[in-house]
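Quick notes on the structure that follows.
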Amino acid sequence: QVQLVESGGGLVQPGGSLTLSCAASGLTFSINAVNWYRQAPGEERELVASIITGGGTNYADSVKGRFTISRDNAKNTQYLQMNSLKPEDTGVYYCNVQYWRWGGLIDAWGQGTQVTVSW
């Protein structure tokens, strides 16, 4: 089925920038939504950013104005551009794509990529 492979995580200093990528294979279906989640150490997973068909986007208050979610349809790749990073942005980031297949809504998940914001 659809597979999502994430990349771009790593160590960055506070105030720095990082862009996560989420490449989809086998995704030849209509996309309902693209989401980026993150899970900080000792905390629950939280929804960071979303994009839906038509271009609508939503962001968690904690990242609004700093993060940008996007999708390159030609490359079948999702991105999360992260600017002005803070230590509290540290966590494992997961890409999620919801798509339609045979009338049903299916979820695909990336493997997760570690983002560490530290001096």
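Heads up: numbering here begins at 1 and tracks the sequence. Keep in mind that the numbers below use all heavy atoms, side chains included, and drop hydrogens, waters and symmetry copies.
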Does Ser70 have any side chain to side chain donor-acceptor pair (under 3.5 Å) partners at least two apart in sequence or in another chain, and if so, which? none
My understanding is that only residues two or more places apart in sequence, or in another chain, count here; which of them pass side chain to side chain donor-acceptor pair (under 3.5 Å) with Ser50? Asn35
Following the transitive rule for hydrophobic clusters with a side-chain heavy-atom cut-off under 4.5 Å over Ile, Leu, Val, Met, Phe, Trp and Tyr, establish whether [X] and [Y] coincide in one cluster.
| X | Y | answer |
| --- | --- | --- |
| Tyr94 | Val115 | no |
| Leu47 | Val97 | no |
| Leu4 | Ile31 | yes |
| Tyr99 | Leu105 | no |

Qualifying residues under side chain to side chain contact (heavy atoms under 4.5 Å, CB included), relative to [X], sequence neighbours excluded:
| X | answer |
| --- | --- |
| Gln81 | Thr19, Thr68, Asn83 |
| Ala23 | Thr77 |
| Trp102 | none |
| Ile69 | Val34, Trp36, Ala49, Ile51, Thr57, Tyr59, Leu80 |

Any side-chain hydrogen bond (donor to acceptor under 3.5 Å, both in side chains) involving residues 103-112? Give me the pairs, sequence neighbours left out, ordered by first then second residue. Asn96-Asp107, Gln98-Asp107
Going by the rule ring-ring contact (aromatic ring centres under 6.0 Å, His included), which residues pair with Trp100 if we only count those two or more places apart in sequence or in a different chain? none
Going by the rule ring-ring contact (aromatic ring centres under 6.0 Å, His included), which residues pair with Tyr79 if we only count those two or more places apart in sequence or in a different chain? none
Of Val12, Thr116, Val63, the residue whose pairing with Leu85 passes side chain to side chain contact (heavy atoms under 4.5 Å, CB included): Val12
Looking at side-chain heavy atoms only, is the closest gap between [X] and [Y] below 4.5 Å?
| X | Y | value |
| --- | --- | --- |
| Leu11 | Ser118 | yes |
| Gln3 | Ser25 | yes |
| Asn32 | Ile52 | no |

Which residue pairs satisfy the salt bridge (charged side-chain N to carboxylate O under 4.0 Å, His left out) criterion with at least one member in residues 54-63, sequence neighbours excluded? Asp61-Lys64
Scan residues 16-62 for pairs that pass disulfide bond (SG atoms under 2.5 Å apart), counting only residues two or more places apart or in two chains. Cys22-Cys95
Check: Val117 main-chain N/O paired with Thr90 side-chain donor or acceptor under 3.5 Å: yes
Tabulate below the donor-acceptor pairs under 3.5 Å that side-chain atoms of residues 37-44 make, not counting sequence neighbours, or state none.
| from | atom 1 | to | atom 2 | distance (Å) |
| --- | --- | --- | --- | --- |
| Arg38 | NE | Glu46 | OE2 | 2.7 |
| Arg38 | NH1 | Asp89 | OD1 | 2.9 |
| Arg38 | NH1 | Tyr93 | OH | 2.9 |
| Arg38 | NH2 | Glu46 | OE2 | 3.2 |
| Arg38 | NH2 | Ser62 | OG | 3.4 |
| Gln39 | NE2 | Glu43 | O | 3.1 |

